[in-house]
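Only one structure is covered here, and it is reproduced in the block below.
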Amino acid sequence: MVDRLIYANRYEVEREIARGGMADVSLARDTKLNRAVAIKVLSPQLSRDPTFVQRFRAEAQSAAKLNHPNIVAVYDWGQEDGTSFIVMEHVEGKTLRDLAAAEGPLMPERIAEIGAEIALALSFAHHAGVVHRDVKPGNVLVTPEGQVKVTDFGIAQADGAASGLTRTGAVMGTATYFSPEQAQGLPVDGRSDIYSLGIVLYELIAGTPPFAADNSIAVASQHVRDSLPSLSTRMPGVPVDLERIVAMCLAKSPSERYQSADELRADLLRFRRHEPVVAGPVTAHVAVISDATTALPVLVSSNATTRAAPVTGKGPLVMVIVLLVALVAVVGALILSQLGGSKGVARVEVPLVIGEPVKVATANLKAKGFSVVIKRKANDTVPEGLVVGQNPEAGTKADAKSAIELIVSDGVGKVRMPDVDGELFEDAEKKLADLGLEVLRTDEESEDVVAGTVIRTDPAAGTKLAEGSAVTVVVSAGPAPTPVPNVVGETEFNATQMLARAGFIVERSTAASDTVPSGAVISTSPAAGQPASKESTIKIVVSTGPEQATVPNVVSQSQATATNTLTSAGFNVVVVQVASTAPNAGKVITQNPAGGTAVPNGSSVTITVGTGPPPTTTTTV
């Protein structure tokens with residue numbers, strides 16, 4: 001049962017559909033759009049593992065861009081209450097595995113039809129740059145009308161990618177359907193999906209997959225090393241052309257398979273139309289192991305028959321000549337192989353040591369006269385100490401005493417990547433360096449994470465790494481710069497509001513201005529239009545109006561002294577004379593503005609100066 005009934009206040013769970021080790025799938029109803037959906041919920045314990053959360057997110061991101069009738073649509077992805085979920089198209093029907101179990105062996109034409117539809121879905125994904133990486137019967141749905149839909153792009157990666165979830169040798173997928181390159185943790189492309197689809201077709205025909213063992217490591221090893229069991233032996237009567245198609249899908253080397261899902265689909269459709277197929281005779285292919293190849297025994301189809309050439313009168317003589325020529329060729333080849341080394345050094349056949357413990361492999365090679373160079377590499381699918389690759393390849397001839405390079409599994413990485421998300425870079429760097437990891441810093445703008453703080457790491461927390469591995473630490477550079485709004489001339493209140501809405505902090509200062517009214521903004525720093533980080537400080541200068549000066553008190557001073565005092569202080573002087581009594585003659589009686597008043601610098605001050613009593617008028621009679 002699911003832990004809750006509604007997700008994202010929108011998806012109401014109705015009943016459980018399937019349960020898996022990683023996630024549970026339930027039928028739900030999208031209450032906003034009133035439609036049935038399937039909701040896949042990651043188990044709570046795995047939701048705490050960043051690697052699985054990343055895988056979940058990858059499924060949503062990869063599948064959401066794949067809009068095709070043969071691909072299950074992904075509508076939404078989210079996280080809440082400690083778990084993650086994906087919302088998908090709800091498909092009424094059965095998985096291909098359940099369909100095969102319910103209906104029994106399918107007819108060859110029906111198998112080819114299903115395979116062609118799967119190939120069509122893969123072709124669309126590959127053209128979009130997405131490799132599925134986990135094609136298997138459980139990830140193929142068949143509707144009651146017979147339509148085929150591919151689902152579960154949870155481990156999909158960009159074409160050719162060797163990063164993300166597969167970095168440092170980690171392998172995702174189902175071992176039964178691994179391609180050889182996938183089993184070794186090597187980069188994959190669409191041809192890996194073709195191999196996996198070949199396993200699905202083989203299983204639909206034979207009832208069982210070609211390779212099986214007690215554990216995943218053994219199965220993965222069989223994909224890499226073992227020849228393909230003959231389909232016609234397991235299922236007598238299988239059409240030869242269908243067997244050829246499957247065998248071409250299952251070539252060990254990607255270069256020998258169909259080079260695209262379109263090519264495979266075209267051959268399956270030719271088979272259904274009873275036309276000749278492109279796939280050649282059923283033969284074994286070369287096993288690709290860490291860039292080295294090893295020849296495998298040739299498979300002989302049970303449908304092939306060997307007929308002896310009719311014997312004529314010249315037959316015995318011809319046979320003798322052919323045998324003599326062959327004998328000469330063999331002897332010549334032996335002589336050349338022994339003398340063909342550098343400066344006459346003998347050439348020795350390199351034995352196959354892949355899969356052997358390194359000590360055993362080294363001893364076997366040294367017994368042949370070779371020296372050994374060992375390189376170790378972390379590998380999550382092959383136990384530590386076993387040889388996973390050799391160069392030169394087995395079966396070739398190399399100079400005696402020459403060096404044979406062995407690639408030896410170092411097992412699962414020894415260092416577990418810690419969770420440093422949210423920590424200051426300096427603290428995270430020290431923590432990773434103490435574990436022996438190389439730190440590569442990259443900065444990224446972020447609206448949500450404080451500058452200098454770790455946003456995420458690649459690989460993610462919980463990943464096992466070999467000591468000395470490089471780890472990319474993505475550090476927040478803070479929000480992306482935004483242009484400073486133009487607030488010059490605005491009132492201080494309006495300017496502060498405008499800058500705050502843009503995400504800035506405001507710092508105020510004042511200055512006098514003869515041109516900008518008091519209370520209005522004179523300038524900003526940075527200037528208007530310049531880029532600045534959000535939450536950074538923008539300095540504004542607010543006008544206090546013209547510069548002020550205090551008027552000196554000049555009352556009772558003589559006109560000359562008062563005029564000198566005022567002009568020295570920067571004021572203009574206006575003199576008004578009035579008649580006055582004798583004590584005020586020649587002195588300032590009043591001034592305007594009064595002394596002590598603050599007025600704009602350079603203002604005029606009017607002083608009233610007494611001139612003494614008016615002259616006496618004498619009248620003569």
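Throughout, numbering of the chain's residues begins at 1 and tracks the sequence.
The main-chain N or O of Ile86 is never found under 3.5 Å from a side-chain atom of Asp76 such that the two would form a donor-acceptor pair. A donor-acceptor pair under 3.5 Å links the side-chain atoms of Thr453 to the main chain of Val450, judged by distance alone. Of the possible polar contacts, one joining the Asp193 side chain to the His132 backbone as a donor-acceptor pair under 3.5 Å is found.
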Next item on the list: Check the pair Val487 / Leu499 against side-chain contact (heavy atoms from CB on, under 4.5 Å), numbers first and verdict last.
Entry: CA-CA 8 Å; Val487 296; Leu499 291 169; 4.3 Å; yes

Note to self: I'd like to know whether Asp152 forms a salt bridge (Lys or Arg N to Asp or Glu O under 4.0 Å) with Lys136, so could you lay out the CA-CA distance, the side-chain angles of the two residues, the decisive distance to 0.1 Å, and finally the verdict.
What the structure shows: CA-CA 10 Å; Asp152 201 352; Lys136 59 184 179 181; 5.7 Å; no

Next item on the list: Using the side-chain contact (heavy atoms from CB on, under 4.5 Å) rule, take Val150 and Asn70 through it: C-alpha gap first, then chi angles, then the decisive distance, then the call.
Entry: CA-CA 6 Å; Val150 179; Asn70 292 109; 5.6 Å; no

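Between Arg10 and Asp30 a salt bridge is recorded (basic side-chain N to carboxylate O distance below 4.0 Å). Under a 4.0 Å N-O distance rule, the pair Glu117/Arg265 does not qualify as a salt bridge.
A donor-acceptor contact closer than 3.5 angstrom is absent between the side chains of Arg133 and Gln182. Ser123 and Asp262 form a side-chain donor-acceptor contact under 3.5 Å, judged by distance and modelled atom types alone.
Contact of the Phe425 side chain with the Val420 side chain is not registered, since no non-hydrogen atoms from C-beta on lie closer than 4.5 Å. Using a 4.5 Å heavy-atom cutoff, the side chains of Tyr75 and Val37 are in contact. By the 4.5 Å heavy-atom criterion applied to side chains, Val473 and Leu440 are not counted as neighbours. Side chains of Pro187 and Glu181 form no contact here, defined as non-hydrogen atoms less than 4.5 Å apart. Annotation: side chain of Ile538 is not in contact with side chain of Ile505 (no heavy-atom distance under 4.5 Å).
Residues passing the salt bridge (charged side-chain N to carboxylate O under 4.0 Å, His left out) test with Asp427, sequence neighbours excluded: none.
Note that Arg257 lies outside the cation-pi zone of Tyr195, set by a 6.0 Å cut-off to the ring centre and a 45° limit from the axis.
Residue pairs meeting the side chain to side chain donor-acceptor pair (under 3.5 Å) criterion with at least one partner in residues 499-514, sequence neighbours excluded, are Glu492-Arg508, Ser513-Thr515.
The minimum heavy-atom distance between Ser558 and Thr561, with the atom names listed, is OG-OG1, 2.9 Å.
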